[in-house]
Amino acid sequence: MIDLSEAFWDNRYINGDTGWDLGNISPPLKLYIDQLTDKSLKILIPGGGNSYEAEYLQSKEFKNVFVADISKTALNNISQRVENFPKDHLIHKDFFELKQNFDIILEQTFFCAINPNLRPKYAKKINELLASNGKIVGLLFNVPLNQDQPPFGGNKQEYINYFKPYFDIEIMELSYNSHSSRMGRELFFKMTKRDIAPS
């Protein structure tokens, strides 16, 4: 397994080695955002990278959008591209060290970028970061992919095993409106936080 450190990700962005980057918001997340009406919702995009989702939310006048990434270069890219995006909403921190609470977390190619050994910890951390009745919504690869470097794939049953202890799974189905480069390879999911006693 390669070292998925801050330096690793920074170098990927500096060198433009970002094959996962669609260059635009993914269609399933755009459709989901378009049906949201409360512009005050506090929304997190973890491991957001260049975060076209954050840019789109900003254009739709959502006021409380946050992007967290371990790569300072990725956050600088957002800041330069979206000049009116609040600088204090760009969080340069390891996802697992975040402390705030959010109403919605949008998952877009972050889960597949972390070491697969951290997936159970990810599910628990998402639960901790969400406010009561908060939701996580996004996309997960439904194909095996790589073993030794990101993106790491998986399958629906594996994901259900991670998330079921912490969430009520409302939707986890093959995405019908994925980007053409990912059609037939993604699951769209929406889950609501289950309140659990602190361990």
Side-chain angles (χ1 to χ4, degrees), residues 3-115 118 121-140 150-151 179 190-191 193:
D3 176 19
L4 300 175
S5 63
E6 178 174 351
F8 170 84
W9 290 110
D10 244 356
N11 286 331
R12 294 286 293 262
Y13 284 103
I14 290 167
N15 296 324
D17 185 10
T18 53
W20 65 86
D21 193 313
L22 296 174
N24 211 327
I25 184 171
S26 64
L29 287 180
K30 179 181 183 296
L31 187 63
Y32 174 74
I33 291 167
D34 285 346
Q35 53 85 44
L36 296 175
T37 56
D38 184 354
K39 305 292 185 177
S40 70
L41 287 165
K42 192 173 180 184
I43 301 172
L44 172 68
I45 305 169
N50 288 324
S51 208
Y52 304 99
E53 287 70 28
E55 181 177 12
Y56 186 73
L57 284 159
Q58 179 87 351
S59 75
K60 293 293 183 180
E61 301 183 347
F62 285 83
K63 306 299 185 189
N64 292 303
V65 181
F66 294 79
V67 179
D69 206 288
I70 198 172
S71 169
K72 188 71 173 171
T73 302
L75 296 173
N76 287 341
N77 288 348
I78 301 167
S79 192
Q80 291 169 14
R81 195 179 75 247
V82 191
E83 293 182 0
N84 61 340
F85 198 88
K87 303 295 186 279
D88 59 344
H89 287 202
L90 297 172
I91 307 168
H92 181 220
K93 190 174 279 191
D94 185 307
F95 164 74
F96 293 102
E97 295 175 3
L98 295 176
K99 301 291 186 187
Q100 300 183 48
N101 276 123
F102 301 91
D103 301 305
I104 295 174
I105 295 177
L106 295 179
E107 167 56 49
Q108 166 71 345
T109 69
F110 176 55
F111 183 87
C112 71
I114 61 174
N115 188 316
L118 294 174
K121 186 178 178 184
Y122 169 102
K124 183 179 181 184
K125 184 65 179 179
I126 292 286
N127 179 283
E128 291 171 3
L129 290 170
L130 284 170
S132 187
N133 294 314
K135 295 185 185 299
I136 175 170
V137 179
L139 297 157
L140 298 168
H179 186 273
K190 180 168 72 168
M191 301 184 285
K193 170 177 173 154

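Side-chain atoms are counted along with the backbone in the values below, which use heavy atoms only and exclude waters and symmetry mates.
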TODO: For E61, enumerate each residue passing the side-chain contact (heavy atoms from CB on, under 4.5 Å) test, keeping only those at least two apart in sequence or located in another chain.
DONE: K63

- [ ] For D103 and K42, indicate whether the former's side chain and the latter's backbone hold a donor-acceptor pair under 3.5 Å.
- [x] yes

- [ ] Scan side-chain atoms only and decide if E53 and Y32 contain a donor-acceptor pair under the 3.5 Å cut-off.
- [x] no

Task: Rounded distance [0.5 Å steps], CE in M191 versus CG in N127 - done: 10.0 Å

TODO: Side-chain contact test, heavy atoms from C-beta onward, threshold under 4.5 Å: evaluate it for L44 versus L130 and give yes or no.
DONE: no

Open item on the list: Applying salt bridge (Lys or Arg N to Asp or Glu O under 4.0 Å), can you list everything that pairs with K30, at least two apart in sequence or on another chain?
Closed with: D34

- [ ] Flag the pair K193 / S132 as yes when at least one side-chain heavy-atom distance between them is below 4.5 Å, and no otherwise.
- [x] no

- [ ] Determine the interplanar angle of the H89 and F66 rings, folded into 0 to 90°, and report it as parallel if under 30°, tilted if 30 to 60°, perpendicular if over 60°.
- [x] parallel

TODO: Would you mind reporting whether K39 and K60 have side-chain heavy atoms less than 4.5 Å apart?
DONE: yes

TODO: May I ask you to decide if F111's main-chain N or O and E107's side chain share a donor-acceptor pair within less than 3.5 Å?
DONE: yes

Task: Non-hydrogen side-chain atoms of V67 and I78 separated by less than 4.5 Å - done: yes

- [ ] Answer yes or no: are there more than 12 heavy-atom neighbours, outside K87 itself, under 6.0 Å from its atom NZ?
- [x] yes

Open item on the list: Would you say that Q108 contacts L29 through its side chain, given a criterion of any heavy-atom pair below 4.5 Å between the two side chains?
Closed with: yes

- [ ] Give the minimum heavy-atom separation between S79 and L90, together with the two atoms involved.
- [x] CB-CD1, 3.9 Å

Open item on the list: Less than 4.5 Å apart, side chain to side chain, heavy atoms only: is that true for L129 and I105?
Closed with: yes

Task: Side-chain touch I43/N64, heavy atoms, less than 4.5 angstrom - done: no

Open item on the list: Apply ring-ring contact (aromatic ring centres under 6.0 Å, His included) to residues Y56 and F62 and explain how you reach the verdict.
Closed with: CA-CA 9 Å; Y56 186 73; F62 285 83; 8.7 Å; no

Open item on the list: For a 4.5 angstrom cut-off between non-hydrogen side-chain atoms, does I25 reach I33?
Closed with: yes

TODO: Using modelled atom types only, decide if a donor and an acceptor are shared between the side chain of K125 and the backbone of L98 within a distance under 3.5 Å.
DONE: yes

TODO: Ignoring hydrogens and angles, tell me if any N or O in the side chain of N101 forms a donor-acceptor pair with the backbone of E128 under 3.5 Å.
DONE: yes

